[in-house]
Amino acid sequence: MAKNKKSNDPMSKLVALCKRRGIVFQSSEIYGGVGSTYDYGPYGVTIKNNIERLWWDEMTLKHENIVGLDSAVILHPKVWDASGHLKNFSDPMVDCKECKGRFRADQINGTGYGGGSDSGAGYSDGTGYGGGSGSGAGYGDGTGYGGGSEDVNVCPKCGSKNSFTEVREFNLMFDTTMGPVADDTVKTFLRPETCQGIFLDWKIVQESARLKIPFGIAQTGKAFRNEITTGNFIFRTREFTQMEMQYFVKPGETSELINYWKEQRWNFYLSLGINEEDLRWHEHPKDKLAHYAKEAWDIEYKFPFGWGELEGVHDRGDFDLKAHQESSGKDMTYFDDQTRERFHPQIVETSAGLNRAMLAVLADAYREDEQAGEQRIYLALAPHIAPVKAAIFPLVKKGGLPDIAHAIYTDLRKHFPVFYDFQGSIGKRYRRMDEIGTPYGITVDFQTLEDGTVTVRWRDTLQQERIHKDKVGEFLRDRLG
RNA sequence: GCGAGAGUAACUCAGUUGGUAGAGUAUCACGUUGCCAACGUGAAUGUCGCGGGUUCAAAUCCCGUCUCUCGCUCCA
């Protein structure tokens, strides 16, 4: 564990809070941790699930023409050939020994680098990618690249000649093998994006759910990318959850629907309680589009480390369906009963990162203020995101107060995630709840013995009001929707 | 992979010229406590990242190694 964090920067403080309160923390920590993998503790998984459920409901409940799907993580290896991932997710790289710059081998002038960009050799013969499973020996000794050519390679950054390292293969997909017998295995990949499963299944989904264009298929699930560089806490990790909806539209209607979904998706982040001033649109320049995209917009959030992408709204055109039709030989067209036309649907994609959405929610909710000269840290989470909706406290341990408080707790927990605590001073118990963003604190005091009322304290302002203990459930229901 | 930095309790850290580890916070128990991290008493928690070497003796000196963090390269 590194101890050189600048503990004053906002990101470090958020990370520390996440660990302290069991929201998100380093995975495999007893073994020293594994780079950029994180586990979500009791409160973290609840926040994450809350966001995921809101997304799911937003898609499938609020749109009558969007249905859900849960496709496999491991797909037929040919999928990744057809999708372009084998070709585009695998880059041969060289480093300049002089200036330490790194470049794609096929972008260096001069030699036969790049000449043999043999991405087609991929999975089937088992030799193409990553050769040795396991340890660092993975990146092959550059077969095919930089053959025997003696031409001069010039570093585009510092101008040094022939200062490059061996070509190394960077494969951004995790590969694995199917089948227990080593000689008889098929090389497969963990999906680097969830949407391919939607493309493979769209016809059976469309037919079985009797959907007419335009319609959408929504899916959440894990995706895996062997990122060269990870970092910024849970912003970029090698294993992450995507929330993707692929919208199948008639040719010619794409741009209108892009605008519709841009508005929908923008509003989703507002509904999570994120400050609109911390959001912006970023359009990908045409010359930097991903290999499948015709038009691409990102919603970005102003993280403590800078603007970062939360979600993309993309025009994928008919790239994917045509690619799979060509590769599989199966018809991927849609027949329009009304116009008697057959065509490849155009696809508008909304592709969000759940972990990033959660990080944005946490970063946006992180607050510090001062109460009676003491610093207070709290998460101003929207109540419908908060992992615990209310905490119930007896003011002190005597006078039968704990019994009354516990009875209220037992009753409430049938309907809400609530927490009961009697340990420590009342102020300390409030603060503990503040740090996980619990919106309401309900305290049983001596007045409760007289008239049955309790205090309800609102997290952000510390203001209290008295309501009858029998009305607490109703009070919470009103405020939590 | 390159460069830089860092590894001592759950957290933040201290540990003198080598003498087998401490503080605060947090946690738990009991007491106390009339609303915002109060107080008292007590308890539990470490192979000082790992391995080797020097030494009577290593958290400390030497060598190796691992991991993490940041920057760069890359990024759908």
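Note on naming: letters A, B, ... go to the chains in the order of the sequence lines (proteins, then strands), and numbering restarts at 1 for each one. Note that this is a predicted model, so its numbers are computed, not measured.
Taking atom C1' on both B/A14 and B/U33, the two are 34 Å apart, rounded to the nearest angstrom. Between B/G15 and B/A44, the two C1' atoms lie 23 Å apart (nearest whole Å). The C1' atoms of B/C11 and B/U16 are separated by 26 Å, rounded to the nearest whole Å. B/A10 and B/C66 have their P atoms separated by 25 Å, given to the nearest Å. B/A26 sits 7 Å from B/A38 when the P atoms are compared, rounded to a whole Å. Annotation: B/A6 and B/C50 have their C1' atoms spaced 16 Å apart (nearest Å). A gap of 27 Å separates the C1' atoms of B/G18 and B/G24, to the nearest Å. Atom P of B/U20 sits at a distance of 25 Å from the matching atom of B/C13, rounded to the whole Å.
For the strand RNA chain B, secondary-structure stems (runs of at least three Watson-Crick or G-U pairs, all distances below 3.5 Å) span B:1-7 with B:66-72, B:10-13 with B:22-25, B:27-31 with B:39-43, B:49-53 with B:61-65.
On a pure distance criterion of 3.5 Å, no polar donor-acceptor pair joins the side chain of A/Gln371 and the base of B/C36. One N or O donor and one acceptor, one from the side chain of A/Arg236 and one from the base of B/C75, sit under 3.5 Å apart. With hydrogens and angles ignored, no donor-acceptor pair under 3.5 angstrom links the side chain of A/Arg457 to the base of B/C35.
Here A/Arg316 pairs with A/Glu193 in a salt bridge; the nearest charged N to carboxylate O distance falls below 4.0 Å. A salt bridge does not link A/Asp421 to A/Lys428: none of the charged nitrogens lies less than 4.0 Å from a carboxylate oxygen. Here A/Lys13 pairs with A/Glu368 in a salt bridge; the nearest charged N to carboxylate O distance falls below 4.0 Å.
A cation-pi geometry, defined here as NZ or CZ lying under 6.0 Å from the six-membered ring centre and within 45° of its normal, holds between A/Lys48 and A/Tyr40.
A/Phe393 and A/Tyr430 have their aromatic ring centers within a separation under 6.0 angstrom. Taking the six-membered ring where the residue is Trp, the centroids of A/Phe233 and A/Phe235 are separated by 6.0 Å or more.
As a whole-Å value, the separation of A/Arg225 CZ from B/C74 P is 17 Å.
Residue contacts shown for A/Arg20 are absent, as no nucleic acid heavy atom lies under 4.0 Å away.
Contact check for A/Gln264 versus A/Glu58: side-chain heavy atoms found under the 4.5 Å cut-off.
Mapping A/Gln423 and A/Ile377 onto RNA chain B by nearest heavy atom places A/Gln423 at the nucleotide closer to the 5' end.
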